[in-house]
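Below is one structure, written out as structure tokens; the observations come after it.
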Amino acid sequence: MVNTSTYFSRLRELVSLELREEQESYRRSLEMKGASLTGAIHEPGCRYPVRLGNTAYNPMGQLTVELRYEVDEDEVELDFEPGKPATVFYLTDAGAKELPHQCYIEAVGDGVMSVGLPSKSALQSIKDLGERHLLGVQIGVDNTSFRVMQESLSEAERKEDERFVRLRNVLTGNAKPAFRQLPRLSFPWLNPSQNDAIQKVTECQEVSIIHGPPGTGKTTTLVEAVIETLERETQVLVCAPSNAAVDWISEQLMRRSVNVLRIGNPLRMSDEMLDCSYERRYSAHPDYHELWNIRKTLAAGAKGEQAHRLRNRQTELEIKINADLFDEARVVSCTLIGSAYRLMERRRFSTLFIDEAAQALEPACWAAILKADRVIMSGDHQQLPPTVKSQEALKGGLADTLMQKVVGLHPQCVSLLTTQYRMNEEIMAFSSRWFYHGRLQAAPEAAHRLVSPLDTPLTWLDTSGYSDHSENSENSEKKTKTGSITNAQEARLVIHALRDYIEMISPQKIESERVDFGIITPYRGQARLIRRLLKMQHYFRKLKRHITVGTVDGFQGQERDVIVISLVRDNAEGAIGFLRDLRRMNVAITRARMKIIIVGNTQTLSHSKFYRALIEHFHQQGEFIEVQPQQQKKLLNIKKKSYICTGKPQGRICSQ
């Protein structure tokens, strides 16, 4: 029996640890910047120096200023996103000094960022300092999210509503879930496992899990489950941990002609969702013109009885417009944190859907669960977990999601989607066996799909043969100043492998059939290095729109025809860093539709049981190439089955 008070108190402690780490990390970052007075700082969450550009008012009447900066073409996965808090700072010998104004990022473009300011005085402060110092901008700490999580956990602990208590007990393992018997549903356009998932969603009384491995049509199933639920209920709440995920599921529902009301900061919504935003719908309401005139009259100084009458009418109209917008909506969508917005106060929903629940912190989920009688979670806990910066909070279990806990507590609530439509079956096979008990099956249209009929879906280039762990050697991993890991020799091998594969298929076929490539690596430093090497080669200029380079985290939710993975780690100790998080590798190897090429040192990786099994899979089912620096030839050649390692500056062959 789980003690409710202890359960939620522990979660609050973990949230506090994470907040402290965010604040400490932010403080340390500002202090360290004092050492960079003479150079540019281009970190994922920081730009220095920036130049002040134009000022303007955005459509919501808020003051904004442009900050312009030099574009670092080698940078990947910037953390700047619209809506995030930001701090403007300048550097001194003692470190960075931040301006005391709370700003937010409004928009990010190519070499320019628009930042929202709280007042004209804030703008004047920035202009005054800009005349005397070089300025920078850094992402701040989002205190609001932490406050919402803490308050939600406290309310979830003390709330005594009978229906909520029942749901809370099931989710924490103090009660068993209940199901009702309903007539069998069948949707001909869905496969059997998807139909089973929707059946379980309609029959569950507290919780149901749609477990969607890569390529299994999780979003399709979730949308159908929402629509089927709306056959029985007037309105549902749809949430996700990020604005991008909320927008994605909302757009899919809109395409099925579902009336969606999107709650949240319009600056953080996609352009497609703005017409569904509360603000846009509010200003488009038939009564808004009258309300606008009343506000204008009151602002002009109306007094006495007229002012009293106008204020009453203003309140009446605001209540009416708000009620109309919510009453008309079949789906209300927002982030998990957004469910605690003032607009959502006293709102109650029979069913809450949480998409990407395997990437959502549990404390954030409770903010939305407080408003629901039952919850449907969708995601895959065998892919990337939520980001937790505090090592103490991580060890304490903050990254253990509510979805993951429910899967362990109540396996009868879980529906695994088993037909995948993305990958060639040989690419799928290892992931299926290791993470999904061998239950995945490739759909016929995907099972044998290849870029070329002469190709093979699996290739491993083993770099063990030319590893050199001496101090000045480039033939092993190196730690960068920012703490990332790079492997220059392996990066060159990736470039050679990519070029030779394109030559093997033919650039004309790549263009005509729009074959796309993804280069994935665990480390930002390696991704930056690979992008730089790609840029240096004239050969890739015409093909650059077909090639994406990024980290594993950046490729979550994406897919490409061909994936090249650079595993980077190359050391005598067998240290593999966060490659130990096997979910990270599951994401990497399941991005490919038709071809996967892994470049890595098997001697380093073989210290891990998982990587030994993966290497053995490539040995048995694919092409496994021991790269040896002998003579210069092409890296990949289907007919001769010959492969090389890269040397300086050309490659060297080793026969299969």
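Please read all numbers here as calculations on a predicted model, not as lab measurements.
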Mind checking what makes ring pair (Phe, Tyr, Trp, His ring centres under 6.0 Å) contact with [X], not counting sequence neighbours?
X	result
F610	F430, W434, F435
H619	F624
Y436	H211

Practice problem: For side chain to side chain donor-acceptor pair (under 3.5 Å), just list the numbers for W366 and E362, CA-CA rounded to whole Å, side-chain angles, deciding distance to a tenth of an Å, and then say yes or no. | Solution: CA-CA 7 Å; W366 284 103; E362 180 180 351; 3.0 Å; yes

Would you confirm whether [X], through its side chain, and [Y], through its main-chain N or O, come within 3.5 Å as a donor-acceptor pair?
X	Y	result
Q556	V587	no
S432	M428	no
E626	D462	no
N586	Q382	yes
D570	E477	no
N169	A175	no
Q526	P522	no
N174	M1	no

Can you sort out the partners of [X] under salt bridge (Lys or Arg N to Asp or Glu O under 4.0 Å), two or more places apart, ordered by chain and number?
X	answer
R184	D196
R232	E228
R10	E13
R514	none

Self-check item: Any donor-acceptor N or O pair under 3.5 Å, side chains K595, T459
Solution: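 Yes, a side-chain donor-acceptor pair sits under 3.5 Å.
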
Self-check item: With T219, the side-chain contact (heavy atoms from CB on, under 4.5 Å) member among T216, V223, T221
Solution: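 That would be V223.
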
Looking at [X] and [Y], what are the two nearest heavy atoms and their distance?
X	Y	value
T456	L450	C-CD2, 4.3 Å
E206	A178	OE1-N, 2.7 Å
M403	I209	CE-CG2, 3.7 Å
S152	P363	CB-O, 4.5 Å
F164	L370	CZ-CD2, 3.8 Å
A372	L167	O-CD2, 3.7 Å

Exercise. Report the C-alpha separation of I505 and V515 in whole Å, then their side-chain angles, then the decisive distance to 0.1 Å, and conclude whether the side chain to side chain contact (heavy atoms under 4.5 Å, CB included) test is met.
Key: CA-CA 10 Å; I505 300 300; V515 178; 5.5 Å; no

Quiz item: Which is it for F353 and I249 under the side chain to side chain contact (heavy atoms under 4.5 Å, CB included) test, yes or no, and what are the steps along the way?
Solution: CA-CA 10 Å; F353 290 87; I249 188 65; over 6 Å; no

Between side-chain atoms of residues 384-392 and protein atoms elsewhere (two or more places apart, or another chain), which donor-acceptor pairs fall under 3.5 Å?
residue, atom, partner, partner atom, Å
S390, OG, E392, N, 3.4
S390, OG, A393, N, 3.0

Quiz item: Out of curiosity, L582 CG to L614 CG, how far, rounded to the nearest 0.5 Å?
Solution: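 Result: 10.0 Å between the selected atoms.
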
Quiz item: So do the side chains of P214 and D380 get within less than 4.5 Å of each other, counting heavy atoms only?
Solution: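 Contact flag for P214/D380 side chains = yes.
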
Exercise. Report yes if some heavy atom in the side chain of T604 is under 4.5 Å from a heavy atom in the side chain of Y611; otherwise report no.
Key: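 T604 does not reach Y611 side chain to side chain.
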
Practice problem: Determine which pairs satisfy ring-ring contact (aromatic ring centres under 6.0 Å, His included) with at least one residue from residues 580-605, sequence neighbours left out, and list them in order. | Solution: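 For residues 580-605, and leaving out neighbouring residues, there are no ring-ring contact (aromatic ring centres under 6.0 Å, His included) pairs at all.
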
Exercise. Quick one: which residue pairs count as a salt bridge (charged side-chain N to carboxylate O under 4.0 Å, His left out) with a foot in residues 350-360, not counting sequence neighbours?
Key: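 Of all non-adjacent pairs touching residues 350-360, those that pass salt bridge (charged side-chain N to carboxylate O under 4.0 Å, His left out) are K218-D355, K218-E356.
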
Practice problem: Please collect all salt bridge (charged side-chain N to carboxylate O under 4.0 Å, His left out) contacts where either partner lies in residues 578-592, sequence neighbours excluded, each pair once. | Solution: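 As it turns out, the salt bridge (charged side-chain N to carboxylate O under 4.0 Å, His left out) pairs with a partner in residues 578-592, which skip direct neighbours, are D553-R584, D581-R583.
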
Let me have the donor-acceptor pairs involving side chains of residues 406-421, under 3.5 Å, with sequence neighbours excluded, atom names and distances please.
residue, atom, partner, partner atom, Å
H410, NE2, V170, O, 2.7
Q420, OE1, R422, N, 2.8
Q420, OE1, M423, N, 2.7
Q420, NE2, M423, O, 2.8
Y421, OH, N191, ND2, 2.7

Exercise. Go through the steps to decide whether D455 and Y501 satisfy the test side chain to side chain donor-acceptor pair (under 3.5 Å), and finish with yes or no.
Key: CA-CA 10 Å; D455 198 8; Y501 186 80; 2.4 Å; yes

